[in-house]
Student: 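Can you read through this structure? Questions will come right after.
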Amino acid sequence: MTTTALALVELGAVLFALGMLGRVAVHFGMSPIPLYLLGGLVFGHGGVIELETAVEFGHVAGEIGVVLLLLLLGLEYTAAELVTGMRRSWAAGLVDLVANATPGVLVALLLGWGAIGAVTLGGVTYISSSGIIAKVLDDLGRLGNRETPVILSILVFEDLAMAVYLPILTTMLAGLSLFAGMKALAVALVTVTVVLVVALRYGRHVSALVESPDNEIFLLKLLGAALLVAGAASSLNVSAAVGAFLLGIAISGSTAQDAAKLLEPLRDLFAAMFFVAFGLSTDPTAIPPVLGWAIALALTTTATKVATGWWAASRQGIARMGRARAGAALVARGEFSIVIAGLAVGMAAVDKELAALASAYVLLMAVLGPVAARVVEPVVTFATQRIYPAPG
């Protein structure tokens, strides 16, 4: 079999397997992310079947997947919403950051992974999955609930925190000096500020630049602009993901809505390849030694996320059930956690066990998050009835 034929067969097998895994996930009402990661573990190094040719394509497709994930995330927000969200959620956002990054930092230090490992794993345990949470809220019909703005404001804070965090992490992974790190952070902060100002005042001009009535031209301009901006950001050590996110914020109005509809199928395809690519780069035999730590982190950060959401909702005068729903909704981890771990592993700057721990942790949290969001109401109702039984 020729190299081209082998590549096509392997890639076709991977995509078909992803489709079947996605179908299983839909059937059980869960996120497909854990199954995509498992698929990567099966087909990658140390797995049941090793597909070397598919691995090469998977890494390139995975990079595009990250860009599209963050571009679509940026398209969901306007600059005004981000500013309002920051004003409303900064206190809860800081509590969220400290409570949920600290367990990851401590575990990395206990395992001897040093400062870079601590910063990396702290990011993995900190940030919730906007994609999984948005889908769960929609599936459960909670988008109009009183606690939903609290959840979304915390997610906005997390996304903006990533715009600061990723340049710092990228600089540390590259082994650059403190001066270079401060420079990268300054560039990131200036870039975020400029983009917000441009989006607030001149967003229609950015939208007009990429907009087109022809879907083919529209798609080419959108994807081209996203890759150009992501590449330019990466060259400045700002992170390709942040560049794509900021471009999404700058596109506004009906153009953003049309762009989201046009890019969603591409996002889903390349995002699936991204999760598979991370699984391909993880040796499944490395997971058992760190599985205990992954379970401990999962239990700890589930409790800290629930506490964060409960506290943030209570500050808005929301009742007990709404506080519980807010906390449970924030539990899921997914795409951003893998982006962070993938950056570190790709640059070979951390212990390979970190990739295994991150994979196991995200597998647990991507399953546990939607389950927690679904069962929180009956659990709280049962607990309330036991504590405050009905009279008679």
Side-chain angles (χ1 to χ4, degrees), residues 25 30-38 40-41 62 65-66 69-70 73 93 95-108 117-137 151-152 154-159 161-162 165-166 169 241 245 271-272 274-276 278-279 282 287 290-291 293-309 326-345 354-376:
M30 61 180 285
S31 166
I33 290 176
L35 298 185
Y36 292 159
L37 286 171
L38 286 174
L41 292 172
V66 173
L69 276 169
L70 273 296
L73 183 61
V95 170
D96 178 36
L97 172 61
V98 173
N100 294 286
T102 300
V105 170
L106 293 177
V107 167
V119 172
T120 301
L121 194 57
V124 170
T125 59
Y126 160 54
I127 189 162
S128 301
S129 170
S130 299
I132 296 176
I133 292 170
K135 188 175 188 311
V136 169
L137 291 177
I151 297 169
L152 295 179
I154 291 175
L155 293 179
V156 168
F157 185 96
E158 290 184 351
D159 293 337
M162 285 296 103
Y165 166 83
L166 287 176
L169 177 63
F245 177 64
F274 163 66
F275 293 114
V276 170
F278 186 80
T282 304
I287 290 181
V290 296
L291 185 58
W293 287 108
I295 293 173
L297 276 177
L299 294 175
T300 301
T301 56
T302 294
T304 52
K305 278 290 183 183
V306 170
T308 298
L330 291 168
V331 167
R333 312 300 203 278
E335 60 277 7
F336 242 138
S337 297
I338 295 298
V339 169
I340 293 165
L343 277 174
V345 174
L354 192 146
L357 177 55
S359 293
Y361 175 76
V362 172
L363 282 170
L364 291 170
M365 300 304 285
V367 173
L368 185 59
V371 171
R374 291 173 188 275
V375 304
V376 65

Student: Mind listing the closest non-hydrogen atom pair of Y126 and G93 along with its distance?
Tutor: OH-O, 4.5 Å

Student: Rounded to the nearest 0.5 Å, what separation is found between the OG1 atom of T102 and the CG atom of L97?
Tutor: 7.5 Å

Student: Going by the rule side-chain contact (heavy atoms from CB on, under 4.5 Å), which residues pair with A99 if we only count those two or more places apart in sequence or in a different chain?
Tutor: T304, T308

Student: So which atom in V331 and which in G369 form the shortest heavy-atom distance, rounded to 0.1 Å?
Tutor: CG1-CA, 3.8 Å

Student: To the nearest 0.5 Å, tell me how far L354 CG sits from T120 OG1.
Tutor: 6.0 Å

Student: Only counting residues at least two apart or in another chain, list the ones meeting side chain to side chain donor-acceptor pair (under 3.5 Å) with T301.
Tutor: Y361

Student: Would you confirm whether S128, through its side chain, and L330, through its main-chain N or O, come within 3.5 Å as a donor-acceptor pair?
Tutor: yes

Student: Indicate the atoms forming the closest heavy-atom contact of A372 with A328, along with that distance.
Tutor: O-CB, 3.7 Å

Student: Would you check if I127 and I340 make a side-chain contact, meaning some heavy-atom pair closer than 4.5 Å?
Tutor: yes

Student: Ignoring hydrogens and geometry, is there a side-chain-to-backbone donor-acceptor pair from Y165 to V119 under 3.5 Å?
Tutor: yes

Student: Looking at S337 and V362, what are the two nearest heavy atoms and their distance?
Tutor: CB-CG2, 3.8 Å

Student: Identify the heavy atoms of N100 and R333 that sit nearest to each other, and give their distance.
Tutor: OD1-NH2, 3.6 Å

Student: Identify the two heavy atoms, one from L291 and one from A360, that lie closest to each other, and give their separation to 0.1 Å.
Tutor: CD1-CB, 4.3 Å

Student: Assess whether side chain to side chain contact (heavy atoms under 4.5 Å, CB included) is satisfied between L121 and L297, documenting all intermediate values.
Tutor: CA-CA 10 Å; L121 194 57; L297 276 177; 4.2 Å; yes

Student: Counting only N and O atoms by type, is there a donor-acceptor contact under 3.5 Å from the side chain of K305 to the main-chain atoms of T300?
Tutor: no

